[in-house]
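One structure below.
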Amino acid sequence: MTDTDFRNHLLAWYDNNKRDMPWRDCGDPYKIWISEIMLQQTRVDQATPYFKRFMDRFPTVHDLAKADQQDVLKVWEGLGYYSRARHLHAASKLVVEEFDGKVPNTWEEINELKGVGPYTASAVLSIAYQKKHAVVDGNVIRVLSRYFGIEDDVRSTKTKNTIQDYADDLISEERPGDFNQAVMELGAMVCTPSNPECEKCPLQANCVAHKTVKTEDIPYKSPAKKRPHHQIGVGIIMNNNEEVLIALRPDDAMLGGMWEFPGGKQEENEKMEDTVIRELREELDVDVSISKPFMKLDHAYSHFKITMHAYLCEIEAGTPQPNTSQEIRWITIDELEDYPFPKANRKLTEKLMNLDKGQQELEI
DNA sequence: AAGCCGGGGGC
DNA sequence: GCCCCAGGCTT
């Protein structure tokens, strides 16, 4: 099978099997850019409803550029990797101010946008502008490592460079954007991590991994590090005005720009109630007492796991003072849904809102 | 080069 | 439970 056969078989399969996506074949560089940011480390099915809401809320790059970061994060809430939203928002302002509101169409310029790396630059340039830049993502790594029988560790930069070279050689002159999307679509639908459907694959005849029965061994990935598990104590402080205290995480922190209930990590030989009292003293300079346990939940982040223990608290002494560069706010239960919260904290607000709703129904 | 950065679905 | 996902940024 020549490179031309590879392209023809793949593109014919793509034309007959590609999924419908709101940004696919639209020709709109703005939509294609947004979709590629959302699709970083995120499945199509997960990103799609977010993409639709995002476009309803920010139809053009101008709407995005003039929006508040909090509104952008609110639309992004639940999608994860929130720095993507902050970088995208900042990049939209650059597009408006420096590029006349047009998504750049050259390698040098598009790489000036925050959140755009080699993958996203190649994806936008090829899909929106028909430029010949081959993408290398998880799908491409899997498809090409199997096809060429590359058994080296795909975590290494050297192996990724090798795969980039293969992709650069293979990519179609006439349809570079479709070629890129076709490899990724094949990786998502047929050449899957486990149990690939090789009988449906247009490249099967020349695939080294298939011929040598190594599709379960390629791509090879060195073992991942174990993720530590932490115990986290948080305090839900209520005042006499039926308000709760929330804190804004700084932009340079994990979950930056999102709101949370204050708290922190349990130390060795520390009672969880004492963890909450200590953390609130350190963060807010107040003495609190624990009223009662509120909720316990497990959550997994990208590189550690937590069990979160939330308690209802009352202030015994002092007035909450935010740390430097951290904002705090007293808000009603109703207002909780207006602020962007990361997932674990959102589970707490949902229970608070349900309880509050139940209370009101009882009073009526 | 390695670590950091979310959340969800498949197995 | 673990793995993976249309990766990028920071050190």
Side-chain angles (χ1 to χ4, degrees), chain A residues 14 18-19 21 23-24 32-51 73 76-88 90-91 110-124 126-127 133-143 153-161 164 167 177-189 191-196 216 219-229 249 251-258 260 297-306 340-347:
Chain A
Y14 177 69
K18 66 181 173 183
R19 291 170 288 177
M21 301 175 193
W23 55 85
R24 178 157 278 172
I32 292 165
W33 172 37
I34 303 299
S35 72
E36 290 302 342
I37 300 295
M38 284 191 175
L39 288 168
Q40 291 169 5
Q41 296 292 288
T42 307
R43 288 185 164 76
V44 170
D45 289 344
Q46 188 187 358
T48 297
Y50 284 87
F51 177 84
L73 285 171
W76 209 272
E77 179 187 304
L79 196 54
Y81 285 133
Y82 299 100
S83 64
R84 290 184 296 175
R86 290 186 285 104
H87 289 154
L88 176 61
I110 200 167
N111 272 291
E112 292 178 29
L113 304 184
K114 287 185 181 176
V116 172
Y119 164 78
T120 304
S122 297
V124 175
S126 64
I127 298 169
H133 293 272
V135 300
V136 174
D137 75 327
N139 292 304
V140 177
I141 289 173
R142 189 168 53 257
V143 169
D153 185 1
V154 296
R155 288 190 198 277
S156 81
T157 303
K158 187 183 172 191
T159 307
K160 287 177 190 165
N161 288 337
Q164 179 76 60
D178 284 344
F179 177 90
N180 282 334
Q181 295 185 84
V183 184
M184 295 190 283
E185 191 80 345
L186 187 69
M189 305 301 292
C191 192
T192 49
S194 59
N195 306 317
E216 295 300 323
Y220 167 72
K221 247 182 174 172
S222 52
K225 254 182 59 178
K226 269 188 63 178
R227 295 189 287 186
H229 191 136
R249 298 182 60 85
D251 273 357
D252 59 354
M254 177 181 172
L255 305 171
M258 308 293 281
E260 67 177 2
L297 62 92
D298 291 313
H299 189 73
Y301 297 102
S302 55
H303 58 297
F304 63 93
K305 307 170 190 176
I306 65 167
F341 284 92
K343 188 64 181 178
N345 273 272
R346 182 49 81 194
K347 290 177 183 169

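Letters go in sequence order (proteins before strands), and every chain restarts at 1.
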- request: Run the ring-centre check on His299(A) versus Tyr301(A) and record whether the distance is less than 6.0 Å.
  value: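 Ring-ring flag for His299(A)/Tyr301(A): true, centres closer than 6.0 Å.
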Under 4.0 Å between any heavy atoms, over every strand shown, what does [X] touch: base, sugar-phosphate, or nothing? Just pick one.
X: Met21(A); value: base
X: Met254(A); value: sugar-phosphate
X: Gly187(A); value: nothing
X: Val44(A); value: base
X: Thr120(A); value: sugar-phosphate
X: Arg86(A); value: nothing
X: Arg142(A); value: sugar-phosphate

- request: State the dot-bracket string of DNA chain B. Criteria: Watson-Crick or G-U wobble, both atom distances under 3.5 angstrom; notation: ( ) intrastrand, [ ] crossing earlier pairs, | interstrand, . unpaired.
  value: |||||.|||||
Please confirm whether the backbone N or O of [Y] pairs with a side-chain atom of [X], one donor and one acceptor, at under 3.5 Å?
X: Arg86(A); Y: Gly257(A); value: no
X: Gln164(A); Y: Ala134(A); value: yes
X: Arg84(A); Y: Leu79(A); value: yes
X: Gln40(A); Y: Gly115(A); value: yes
X: Asp298(A); Y: Lys305(A); value: no

5' precedence on DNA chain B between Ser83(A) and Asn195(A) (nearest-nucleotide basis):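 Whichever sits nearer the 5' end wins; that is Ser83(A).
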- prompt: Mapping Thr157(A) and Leu255(A) to their closest nucleotides on DNA chain B, which lands nearer the 5' end?
  reply: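 By nearest-heavy-atom nucleotide position, the 5'-most residue is Thr157(A).
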Interatomic distance at [atom1], [N] relative to [M], whole Å:
N: dG7(B); M: dT10(C); atom1: C1'; value: 22 Å
N: dG3(B); M: dA6(C); atom1: P; value: 24 Å
N: dG8(C); M: dG8(B); atom1: P; value: 22 Å
N: dG6(B); M: dC3(C); atom1: C1'; value: 15 Å

I'd like to know if [X] reaches the base of [N] with its side chain such that a donor and an acceptor end up less than 3.5 angstrom apart.
X: Thr42(A); N: dG6(B); value: yes
X: Arg84(A); N: dC5(B); value: no
X: Tyr81(A); N: dG6(B); value: yes

field: Point-to-point distance, once rounded to the nearest 0.5 Å, from CZ of Arg142(A) to CG of Asp137(A)
entry: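 Result: 8.0 Å between the selected atoms.
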message: Under the criterion side chain to side chain contact (heavy atoms under 4.5 Å, CB included), I'd like the reasoning laid out for Leu186(A) against Tyr14(A): C-alpha separation, chi angles, the key distance, then a yes or no.
response: CA-CA 8 Å; Leu186(A) 187 69; Tyr14(A) 177 69; over 6 Å; no
Give the rounded distance in Å between these two atoms: [atom1] of [X] and [atom2] of [N].
X: Trp33(A); N: dG8(C); atom1: CH2; atom2: C1'; value: 15 Å
X: Tyr50(A); N: dG6(B); atom1: OH; atom2: P; value: 13 Å
X: Arg227(A); N: dG6(B); atom1: CZ; atom2: P; value: 13 Å
X: Ile306(A); N: dC5(B); atom1: CD1; atom2: P; value: 13 Å
X: Leu39(A); N: dG6(B); atom1: CG; atom2: P; value: 18 Å
X: Phe304(A); N: dC2(C); atom1: CZ; atom2: P; value: 16 Å
X: His133(A); N: dA6(C); atom1: NE2; atom2: P; value: 22 Å
X: Leu186(A); N: dA6(C); atom1: CG; atom2: P; value: 12 Å

- request: Any chance you could lay out the side chain to side chain contact (heavy atoms under 4.5 Å, CB included) test for Met38(A) and Gln46(A), step after step, and finish with the verdict?
  value: CA-CA 9 Å; Met38(A) 284 191 175; Gln46(A) 188 187 358; over 6 Å; no
Of the candidate nucleotides [options], which contains the atom at the shortest distance from the side chain of [X]?
X: Lys225(A); options: dG3(B), dA6(C), dG6(B); result: dG3(B)
X: Glu36(A); options: dA6(C), dG7(B), dG7(C); result: dA6(C)
X: Lys343(A); options: dG8(B), dC4(C), dA6(C); result: dG8(B)
X: His303(A); options: dC5(B), dG8(C), dC5(C); result: dC5(B)

[N] OP1/OP2 closer than 4.0 Å to side-chain N/O of [X]:
X: Gln41(A); N: dG7(C); value: yes
X: Lys305(A); N: dC2(C); value: yes
X: His299(A); N: dG7(B); value: yes

query: Nearest nucleotide by nearest heavy atom, which residue falls closer to the 5' end of DNA chain C, Arg43(A) or Val136(A)?
result: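 Checking each residue's closest nucleotide, the 5'-ward one belongs to Arg43(A).
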- prompt: What do the steps show when you test Glu260(A) against Leu255(A) for side chain to side chain contact (heavy atoms under 4.5 Å, CB included), and what is the final call?
  reply: CA-CA 9 Å; Glu260(A) 67 177 2; Leu255(A) 305 171; 5.7 Å; no
